[in-house]
2 protein chains.
Amino acid sequence: MSLQDVHNMAKKTKEELDVSAEEKIKEAARKVFTLKGYAATRTRDIAEASGINLALLNYYFRSKEKLFHVIMIEKIQKLFGVIIPIANDTNLALEIKIELIVTNYIDLLLEHPDLPLFVFSEVRNNTEQFIHSTNADNLLRNSSLIKQIELKKPDINPLHFLMSLLGMVVFPFIGKPVFTAAGILDEEIFQKLMNERKALIPKWIKSMLELEL
Amino acid sequence: MSLQDVHNMAKKTKEELDVSAEEKIKEAARKVFTLKGYAATRTRDIAEASGINLALLNYYFRSKEKLFHVIMIEKIQKLFGVIIPIANDTNLALEIKIELIVTNYIDLLLEHPDLPLFVFSEVRNNTEQFIHSTNADNLLRNSSLIKQIELKKPDINPLHFLMSLLGMVVFPFIGKPVFTAAGILDEEIFQKLMNERKALIPKWIKSMLELEL
DNA sequence: TATTGATTTAAACATTTGATTAAATCAATA
DNA sequence: TATTGATTTAATCAAATGTTTAAATCAATA
């Protein structure tokens with residue numbers, strides 16, 4: 001039985017109506033970790049941002065690393081959660097899947113613009129720790145989506161299309177800080193572009209799948 | 001006159017044949033910063049990796065932050081240096097430019113696979129510091145490349161095509177650690193795919209530019 | 001050889017930071 | 001009201017880390 005369980009058992013007190021202390025800490029941790037990355041985040045930052053003191057943070061989560069791990073797993077699942085259920089749905093036509101994935105992904109990322117850059121760079125810095133924590137391996141490799149693409153274009157590795165789709169959807173969010181800093185983009189244009197891309201990318205991907213090379 | 005200048009003036013001694021101490025430090029800094037990011041890098045790591053002692057590192061570069069800044073400017077210029085000269089060449093046809101950018105970029109990134117993730121995430125963590133240090137603003141916005149795209153497809157914002165091209169080229173390198181950790185990719189497949197993409201992406205982009213929506 | 005500047009060695013400094021502790025306080029409840 | 005568990009307060013610890021210092025050593029040169 002974990003410390004959290006102990007607390008949850010007794011959590012019938014004042015904060016049952018509003019958010020529990022544990023959740024306040026997690027919410028602050030999501031914010032600060034995502035903003036600054038693991039190494040640059042101080043537990044004191046999180047405590048301050050959550051409005052809860054440092055002692056309790058360590059009491060609930062034992063260590064900065066354990067708290068980070070909890071948040072990371074959430075974030076990884078959020079990042080893959082959009083694509084996997086759709087990719088594995090055997091009742092949807094390829095064209096519909098592409099549209100769904102693109103639209104849902106862009107909507108998710110418009111709400112959480114720094115999700116991809118956070119996950120990609122933190123996983124890179126600690127690869128071993130998160131191996132297979134995505135559950136994306138077989139769920140993607142043997143997905144119905146991959147099979148549908150293979151059927152349509154047997155001569156090209158289907159990963160090409162997956163990477164292109166994800167690249168066109170996700171890359172703008174990753175490059176945004178740089179492009180913004182470089183003066184190429186501003187927030188207003190960015191929003192407009194990403195909404196346009198919900199319609200453009202599926203058309204582009206479909207045409208790539210039709211293309212005879 | 002900076003400290004570096006003082007040293008360079010007197011640098012007619014033993015290390016004129018092999019690499020100077022300053023360069024050894026920078027080389028180690030490139031490696032360690034790129035691998036672990038700014039916050040997770042300790043100056044002691046860099047000193048150790050360079051085979052040169054900590055005191056001299058601070059003597060040459062004054063501080064971790066100043067050393068980092070030197071490296072970052074290099075990296076940013078490397079990342080944009082491939083695309084800007086080609087984009088601004090007024091003697092090249094659009095089709096040729098697309099092929100050149102894709103091929104050169106993939107070759108660069110095969111040599112420096114973690115360049116994009118490093119630059120994007122560090123710029124994000126310290127946006128203010130690197131604003132306009134790319135010199136990419138007008139060089140990209142008013143580039144001949146952008147004008148050529150506008151001419152070909154006046155109804156769509158040319159940034160769409162730039163983002164798609166960069167996304168298809170760069171994203172695989174950013175996602176690689178995650179896909180590898182998830183078991184979707186391995187190094188061998190990755191290399192093969194990226195070499196195939198040198199031919200595929202230009203064809204795809206051209207077909208996107210032809211497409212009537 | 002004597003000098004000069006580059007580099008090393010070893011130590012120390014101040015600060016930051018993750019983590020812990022013990023006592024006090026607060027809120028709910030039996 | 002007395003009890004119980006959640007939370008705060010305030011202080012402290014130990015380790016890590018950026019930076020500095022002074023003296024010693026080394027390599028080239030005049």
Side-chain angles (χ1 to χ4, degrees), chain A residues 1-29 32-33 35-71 125-126, chain B residues 1-29 32-33 35-71 125-126:
Chain A
M1 187 166 60
S2 76
L3 260 181
Q4 284 91 332
D5 296 332
V6 174
H7 288 293
N8 290 334
M9 285 170 53
K11 195 67 60 46
K12 301 180 182 175
T13 50
K14 57 175 173 178
E15 67 279 349
E16 209 167 20
L17 294 178
D18 55 321
V19 187
S20 73
E22 196 178 334
E23 187 50 43
K24 277 185 201 161
I25 295 170
K26 282 170 72 174
E27 188 51 41
V32 182
F33 276 139
L35 191 67
K36 312 173 65 159
Y38 176 78
T41 295
R42 292 164 303 169
T43 52
R44 283 167 172 81
D45 294 337
I46 299 176
E48 194 186 353
S50 67
I52 275 167
N53 61 86
L54 188 54
L56 200 60
L57 184 153
N58 279 287
Y59 180 56
Y60 273 115
F61 294 97
R62 306 300 301 267
S63 74
K64 177 187 176 184
E65 208 181 335
K66 288 203 174 68
L67 172 55
F68 178 73
H69 196 261
V70 169
I71 303 299
N125 291 339
N126 220 329
Chain B
M1 188 165 59
S2 76
L3 262 180
Q4 282 91 332
D5 295 332
V6 173
H7 290 293
N8 290 335
M9 284 172 54
K11 194 69 57 51
K12 301 179 183 176
T13 50
K14 55 175 172 179
E15 66 281 348
E16 207 166 23
L17 294 178
D18 54 323
V19 186
S20 72
E22 195 178 334
E23 187 51 43
K24 279 186 202 159
I25 295 170
K26 280 171 73 175
E27 188 51 41
V32 183
F33 277 139
L35 193 66
K36 313 172 63 158
Y38 175 78
T41 295
R42 293 164 303 168
T43 51
R44 281 167 174 82
D45 294 336
I46 298 176
E48 194 187 353
S50 68
I52 276 167
N53 61 86
L54 190 54
L56 200 61
L57 184 152
N58 278 287
Y59 180 56
Y60 273 115
F61 294 97
R62 308 301 299 268
S63 74
K64 177 187 177 184
E65 207 180 336
K66 288 203 174 68
L67 172 56
F68 178 73
H69 196 261
V70 170
I71 303 300
N125 292 339
N126 218 329

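Just so it is clear, the structure is predicted and the values come from calculations on it, not from any experiment.
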Q) What residue pairs, at least two apart or across chains, pass salt bridge (Lys or Arg N to Asp or Glu O under 4.0 Å) with a residue in residues 45-56 of chain A? A) A:Lys36-A:Asp45, A:Arg42-A:Asp45

Rounding to an integer number of Å, can you tell me how far [X] [atom1] sits from [N] [atom2]?
X: A:Glu23; N: D:dA6; atom1: CD; atom2: C1'; result: 17 Å
X: B:Asn58; N: C:dA11; atom1: CG; atom2: P; result: 19 Å
X: B:Leu57; N: C:dT9; atom1: CG; atom2: C1'; result: 16 Å
X: A:Lys66; N: C:dA19; atom1: NZ; atom2: C1'; result: 12 Å
X: B:Leu54; N: C:dA12; atom1: CG; atom2: P; result: 16 Å
X: A:Asn53; N: D:dA11; atom1: CG; atom2: P; result: 15 Å
X: A:Lys64; N: D:dA15; atom1: NZ; atom2: P; result: 18 Å
X: A:Phe68; N: C:dA19; atom1: CZ; atom2: C1'; result: 19 Å

How close do [X] and [Y] get, heavy atom to heavy atom, and via which atoms?
X: B:Ile46; Y: B:Ala28; answer: O-CB, 3.6 Å
X: B:Val70; Y: B:Lys26; answer: CG1-CE, 3.9 Å
X: A:Lys64; Y: A:Ala39; answer: NZ-O, 3.9 Å
X: A:Asn58; Y: A:Ser63; answer: OD1-CA, 4.2 Å

Q. Should A:Leu57 and A:Ile52 count as side-chain neighbours, where that means a heavy-atom distance under 4.5 Å?
A. no

Q) Would you say B:Lys66 and B:His69 make side-chain contact, with heavy atoms under 4.5 Å? A) no

Q: May I ask you to decide if the ring planes of B:Tyr38 and B:Phe33 are parallel, tilted or perpendicular, using 30° and 60° as cut-offs?
A: parallel

Q) Quick one: which of C:dA19, D:dT8, C:dT7 gets closest to the side chain of A:Ile52? A) D:dT8

Q | Options D:dG18, C:dA19, C:dT7, nucleotide nearest the side-chain atoms of A:Ser63 | A | C:dA19

**Q.** Phosphate OP1/OP2 of C:dT7 contacted by B:Tyr60 side-chain N/O (<4.0 Å)
**A.** yes

(Q) Once pairs are restricted to Watson-Crick or G-U wobble with both distances under 3.5 Å, how does DNA chain C read as a dot-bracket string, [ ] for crossings and | for other-strand pairs? (A) ||||||||||||||||||||||||||||||

Q | Separation of B:Ile25 CD1 from B:Leu54 CG (nearest 0.5 Å) | A | 9.5 Å

Q: Could you check which residues of residues 38-47 of chain A get a heavy atom under 4.0 Å from DNA chain C? Sort them by number, please.
A: A:Thr41, A:Arg42, A:Thr43, A:Arg44

